[in-house]
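Order of listing sets the numbers, starting from 1, for every ligand and every atom in it. This is a predicted model, so every value here is computed, not measured.
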Amino acid sequence: MKVTVKANANIALTKYWGKKDDKLKTPWNSNTSITLDGLETITTVEFDQKYTCDIFILDDKEYLEGTDEFKEVKEQIDIIRNKSNKKEFAKVVSKNNFPTAAGFASSASGLAALTYAGCKAAELNLSTKELTILARMGSGSASRSLIDGFAIWHAGETSEESFASQIAPKEHWPEFRILGCVISKKQKKTKSRAGMAQSVKTSPIFKVWYETAESDANKMVELIKEKNFNEIGKLAQANCILMHACAMTTNPTIMYWQPGTLEVIHKVLELQDEGKEIYFTIDGGPQVKIICQEKDVVEFKEILNSLESVQEVIVCKPGTGPRVINEHLF
Ligand code: DP6
């Protein structure tokens, strides 16, 4: 059976930066996010006897054994195969609809789409909670992309306790917006996975980071339920700065910020001083994601577009979790 799924990327409002258990892929702290409409990965999966090996094609390029991309997909397919007792090899074809290297969590939408389509193609009927646990094994942030609207990934102690669930659906807050500012399309030097593992080992502030982040995640859940926009923005921004402080104090240092990142940060701080409702957050790369509301999008977009280092501004609304579609990629 061939199954095709569309899944959206998400942006962390309070971050995940560090695994407590490398094998179980459980994080040190709970973390929260919003799934973003329109930044999607489409993936088709088919298990069939006609395949003599696993095949993975992303954005029209085939990735062969020995590449990181192939390994990531194969590991996830192996988990699904073991769980469903499937013996056949799989063909996986994937496409991202957002600009390549735009700095949005493509591993989140990618692994969410792969997990969802893979399970359906293997006729494995799992609950959303079980799917988030499986997606977590592929990429931590992917667990949150399985959820519609606002999500929390509970750190948990055991594998079963480390899952994502919904804080509120997208209908809770249709006016919430994320503006993705593209600063650089260059590949980042340190991937999140390797970077966070090094932070756990060497950052002198790692304990401060994860203890604060755990309490931030719990506060964020309440603020989202209350729709307290300005407190959400302040908390997301402070949490992002602490995560990057943790990355920067890693040995060797992980410096995701570029001069352009700082240009946007300073502009946002200036606008905050003027009383504007605008905040920033940044993941493992130079791009800045602006947290704002629909009423301010036109004004903020114009200001951001006028900055020298901003190449593009992508407007994102709250989005849905994965869904099956009929148009297959092969
Ligand atoms: C900075 O989920 O990509 O975006 O679990 O190793 O695949 P792995 O890492 P990944 O890390 C995301 C880190 C982050 C913060 C976040 O999304 O919470």
* Would a hydrophobic clustering, with Ile, Leu, Val, Met, Phe, Trp and Tyr connected at side-chain separations under 4.5 Å, put Ile79 with Leu114? -> yes
* To do: Check ligand 1 against Gly284 and write out every atom of the ligand that is under 4.0 Å from a heavy-atom position of the residue.
  => 1 (C)
* **Flag side-chain contact, heavy atom, 4.5 Å: Lys95 against Asp60** => yes
* His154 and Phe163 aromatic ring geometry - parallel, tilted or perpendicular at 30°/60° bounds -> tilted
* Polar contact flag for Lys15 and ligand 1 (N/O pairs, less than 3.5 Å) -> no
* Asked: Taking both backbone and side-chain atoms of Tyr16, is any N or O found less than 3.5 Å from an N or O belonging to ligand 1?
  -> yes
* Asked: Under 4.0 Å from any heavy atom of Ser107, which atoms of ligand 1 are there?
  -> 3 (O)
* Asked: Would Lys120 count as a cation-pi partner of Tyr116, with NZ or CZ less than 6.0 Å from the six-membered ring centre and within 45° of the ring normal?
  -> yes
* Please answer whether the main-chain N or O of Ser159 pairs with a side-chain N or O of Ser162 as donor and acceptor at a distance below 3.5 Å. => no
* Minimum non-hydrogen distance to atom 16 (C) of ligand 1, winning option of His244, Lys19, Arg144, Met196 -> Arg144
* Asked: Can you list the atoms of ligand 1 that are under 4.0 Å from a heavy atom of Gly140?
  -> 2 (O), 5 (O), 7 (O), 8 (P)
* Asked: Looking at Ala12, which atoms of ligand 1 are within less than 4.0 Å of one of its heavy atoms?
  -> 16 (C), 17 (O), 18 (O)
* **Parallel, tilted or perpendicular: ring planes of His172 versus Phe150, cut at 30 and 60 degrees** => perpendicular
* The one among Ser141, Ala194, Gly110 that brings a heavy atom closest to atom 10 (P) of ligand 1 -> Ser141
* **Side-chain heavy-atom pair Phe70, Asp54 within 4.5 angstrom cut-off** => yes
* To do: Flag this pair as yes if the NZ/CZ of Lys91 is under 6.0 angstrom from the six-membered ring centre of Tyr51 and inside a 45 degree cone about the axis; otherwise no.
  => no
* Asked: Is Ser139 in polar range of ligand 1, meaning some N or O pair under 3.5 Å apart?
  -> yes
* **Numbered atoms of ligand 1 (with element) below 4.0 Å of Arg193, judged on heavy atoms** => 6 (O), 7 (O), 8 (P)
* Before signing off on this row, confirm whether Trp17 and ligand 1 have an N or O atom pair separated by under 3.5 Å. => no
